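Order of listing sets the numbers, starting from 1, for every ligand and every atom in it. Heads up: numbering here begins at 1 and tracks the sequence. This structure is a prediction, so every number in the text was calculated from the model and none was measured.
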Amino acid sequence: MIAQNISNIISESIIETVGGTPLVKLNRMVNTNKFELYGKLEAANPGGSIKDRTSLFMLRQALEDGSIKKGDTIIESSSGNMAVGLAQACLHFGLQLIVVVDPKLNSHTEKILKTYNVHIERVTEPLEDGGFLGARLARVQWLLNTVPNSFWTNQYGNLDNPLTHHTTMTEILDALQGKLDYLFVATSTCGTLMGCADFIHENNLETKIIAVDAVGSVLFGGPPLKRLIPGHGAGVPSQFLDTSKIHDYIYVDDVDCARGCWSLLEKEAILCGGSSGGMISAVKKYADKIEDNSNCALFLCDRGERYLDTIYSKDWLLKELPESKSAFTPLGGW
Ligand SMILES: Cc1ncc(COP(=O)(O)O)c(C=O)c1O
């Protein structure tokens, strides 16, 4: 599964190019030389996000243990990235795919999914208790009872989701010769967070793991509130989260995400999605607590192209997130 970052290797297929993503030094992001900051460029995965890893690992495990076979139908609830990762892997393995989405699915992702010939099931109303995620999960259950030979990869409860990231952690640690003091991780299913946290725990590492959650997400006990930027945050509690393995958590709102995205673009020429911007803002908020000479890493979870009509549209920002105007200046000005 680990692709090598060297150009003279031939990959047997597209799925062999998942993982093995670059760790990029983000020299210009923090106004201090107290600590180093690195971004794990998950946007470099062939499907454009960290969920390429999760979707591939879960399907491989299910194929290996006989839970699924060629021709079966995979069902999953996804706000976008998991769906694209699954679309790629399902096409490769000869599996059908139904994804259950909500109105936060952006138009670019929808076009990608349609091009991969994915069947899209859309929920339009949130559940009073459980939000859009709850509504999507209810639709998944209905589909499982209706579609023959169907299988729910279940990114919310499948232990192969966190297990995926033992490899991701190994890659980061190898690149940093084992010295990783802080890891910032955006949360939704908490698969990435807990996979990395379990690895840290099992290997008795000193790494402090900081969860980065969305204001309005219920994961750390806050009330559910309207959120505009998809990817991180959740309307229902995580089945993986074990706060005893987490050093701390920090909230970012939609404006923090947009500010972080534009800052990453302007200073590092990296065009990434909303949660990446959120993690950039989280590190800035947390900077005073970070000890001198620390190595800090965060995930650049997905590509920015899917956010061109939202985070990277100045008109959208002024209309939907008007506070942005006083909070930051995008590249090229307002
Ligand atoms: C862009 C982005 N960032 C962060 C996350 C959170 O990852 P996890 O589900 O592993 O908590 C997701 C999940 O879909 C995502 O799409």
Side-chain angles (χ1 to χ4, degrees), residues 21 39-45 47-58 76-86 99-102 104-106 108-109 112 132-133 136-137 153-169 183-199 209-214 217-220 227-242 246 249 252 254 256-258 260-261 264 270-282 298-307 310-311:
T21 50
K40 183 70 170 156
L41 193 63
E42 291 304 301
N45 279 303
S49 88
I50 193 165
K51 292 288 178 173
D52 280 19
R53 293 177 186 266
T54 327
S55 53
L56 177 59
F57 189 70
M58 292 197 308
E76 187 56 282
S77 152
S78 167
S79 66
N81 286 327
M82 186 70 185
V84 175
L86 279 171
V99 293
V100 182
V101 302
D102 63 36
K104 282 194 268 179
L105 175 72
N106 72 56
H108 190 78
T109 307
I112 294 172
F132 275 115
L133 186 50
R136 285 196 260 136
L137 294 179
T153 31
N154 187 8
Q155 60 167 328
Y156 305 98
N158 185 336
L159 293 175
D160 290 333
N161 173 358
L163 203 54
T164 308
H165 296 292
H166 288 218
T167 306
T168 319
M169 269 306 283
L183 180 64
F184 290 79
V185 188
T187 50
S188 181
T189 66
C190 294
T192 314
L193 179 77
M194 291 316 302
C196 296
D198 288 341
F199 186 96
I209 189 159
I210 317 290
V212 180
D213 197 19
S217 160
V218 304
L219 290 171
F220 291 90
R227 296 174 283 122
L228 296 178
I229 296 177
H232 62 304
V236 294
S238 162
Q239 295 172 43
F240 304 127
L241 182 61
D242 173 356
I246 304 302
Y249 62 90
V252 288
D254 287 338
D256 291 326
C257 293
C261 281
L264 187 66
I270 298 175
L271 185 76
C272 271
S275 73
S276 307
M279 280 176 277
I280 293 287
S281 290
L298 53 78
F299 286 100
L300 299 173
C301 285
D302 66 350
R303 287 186 202 144
E305 279 87 340
R306 292 173 202 159
Y307 304 81
T310 54
I311 292 170

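Ligand 1 has a nitrogen or oxygen under 3.5 angstrom from a nitrogen or oxygen of S275. Here's the thing with N81: one of its N/O atoms is less than 3.5 angstrom from an N/O atom of ligand 1. Geometrically, ligand 1 and K51 share a nitrogen or oxygen pair separated by less than 3.5 Å. For D302, no nitrogen or oxygen atom sits less than 3.5 Å from a nitrogen or oxygen atom of ligand 1, counting backbone and side chain alike. Polar contact with ligand 1: absent for H232 (N/O pair, distance under 3.5 Å).
The closest approach between any non-hydrogen atom of C190 and ligand 1 is below 4.0 Å. Assignment of L193 to the shell around ligand 1 is not supported, since no heavy atom sits closer than 4.0 Å. Residue contacts with ligand 1: M82 is excluded, as none of its non-hydrogen atoms falls under 4.0 Å.
In terms of heavy-atom proximity, Y156 sits nearest to S77 at OH-OG, 3.2 Å. Counting all heavy atoms, side chain and backbone alike, S188 lies closest to A234 at O-CB, 3.8 Å.
Partners of F199 by ring-ring contact (aromatic ring centres under 6.0 Å, His included), not counting sequence neighbours, listed by chain and number: H166.
Side-chain contact between L193 and I246 is present, with at least one heavy-atom pair separated by less than 4.5 Å. For the pair F240 and T189, the minimum side-chain heavy-atom distance is below 4.5 Å.
Of the heavy atoms in T192, both backbone and side-chain atoms come closer than 4.0 Å to ligand 1.
With values rounded to the nearest 0.5 angstrom, C272 atom SG is found 5.5 Å from L41 atom CG.
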